[in-house]
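So the structure is just underneath, and the comments pick up after that.
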Amino acid sequence: KLIRRKSSLADLTPELTRKALLEAFAEADADHSGFVDRSELAGVLAKIGVQLQNPADDVEAIFEALDMDGDGTVDVAEFCAKFEPAIKRGGSSMMGKMDLD
C-alpha cells in the first residue's frame, strides 16, 4: 500500500531519496518479480491518485519513458533513473515535471 509522505520529497538527501525510490519500486512491483509491468504501473498510478486524461495512452507513454531499454518491463535501475532527477527538481510535483522523452 502506497503511503503519501508528509515531508517534501525535495528535502530528501541522496541516500533517503534512493531509499524512498527503492521502497516505491517494491510497492509498485505487486507480483515481486523484480520488474514493474504496465498493469502494475497503472495500479500504482491509480493508488496514488494520478488523474490521467486518457488512461490507456497515458500509462503507455509513461511506461515507454520508464522502460529505457525497451524490454517491456521496468527494472529498479530504470525506475530510479527516471524518478530520482524528477524528485530533485520538483519534489511533490514531480509527475508534472518528469521528462518523458
Side-chain angles (χ1 to χ4, degrees):
K1 179 176 173 183
L2 291 174
I3 301 170
R4 289 188 182 261
R5 311 251 189 300
K6 291 182 181 181
S7 62
S8 171
L9 292 173
D11 296 332
L12 294 175
T13 65
E15 295 80 19
L16 289 177
T17 297
R18 182 60 125 177
K19 182 179 179 193
L21 286 169
L22 293 174
E23 289 173 4
F25 181 85
E27 292 173 15
D29 181 17
D31 66 2
H32 309 289
S33 65
F35 301 95
V36 173
D37 62 25
R38 286 168 178 81
S39 65
E40 290 170 325
L41 177 62
V44 78
L45 292 173
K47 281 183 184 178
I48 63 173
V50 174
Q51 299 290 321
L52 302 173
Q53 291 182 356
N54 186 340
D57 290 343
D58 294 345
V59 167
E60 186 62 26
I62 294 168
F63 188 85
E64 286 180 11
L66 292 171
D67 183 18
M68 297 184 319
D69 64 8
D71 70 353
T73 60
V74 175
D75 63 28
V76 70
E78 292 169 318
F79 187 87
C80 291
K82 281 293 183 176
F83 282 106
E84 195 166 24
I87 289 172
K88 288 178 182 175
R89 282 195 314 267
S92 62
S93 62
M94 71 181 181
M95 286 303 292
K97 296 181 179 184
M98 186 175 161
D99 181 9
L100 296 177
D101 293 326

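Remark: the backbone N or O of Ile62 is not paired with any side-chain donor or acceptor of Asp58 at under 3.5 angstrom. A donor-acceptor pair under 3.5 Å is formed between the side chain of Glu78 and the backbone N or O of Asp69. Looking at Asp37, its side chain never comes within 3.5 Å of a backbone N or O of Thr73 through a donor-acceptor pair.
Across Asp29 and Gly34, no two heavy atoms sit closer than the pair OD2-N, 2.7 Å. Residues Met68 and Ala65 approach most closely at CG-O, 3.7 Å, considering heavy atoms. Nearest heavy-atom pair across Phe79 and Leu21 is CE2-O, 3.6 Å. Pro85 approaches Cys80 most closely through the heavy-atom pair CD-O, 4.0 Å. Residue Phe25 comes nearest to Val36 through the heavy atom pair CE1-CG2, 3.4 Å, listed as atom of the first residue, atom of the second, then distance.
Rounding to the nearest 0.5 Å places CD of Glu60 at 4.5 Å from CD of Glu64.
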Show your working on side chain to side chain contact (heavy atoms under 4.5 Å, CB included) between Leu66 and Phe83 and close with a plain yes or no.
CA-CA 9 Å; Leu66 292 171; Phe83 282 106; 3.6 Å; yes
Step by step, work out the side chain to side chain contact (heavy atoms under 4.5 Å, CB included) result for Glu27 and Val44.
CA-CA 8 Å; Glu27 292 173 15; Val44 78; 5.9 Å; no
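Phe35 and Leu22 fall into different hydrophobic clusters, where Ile, Leu, Val, Met, Phe, Trp and Tyr side chains are chained together by heavy-atom contacts under 4.5 Å.
Contact annotation: the side chain of Asp31 approaches that of Glu40 to within less than 4.5 Å [non-hydrogen atoms, C-beta and beyond].
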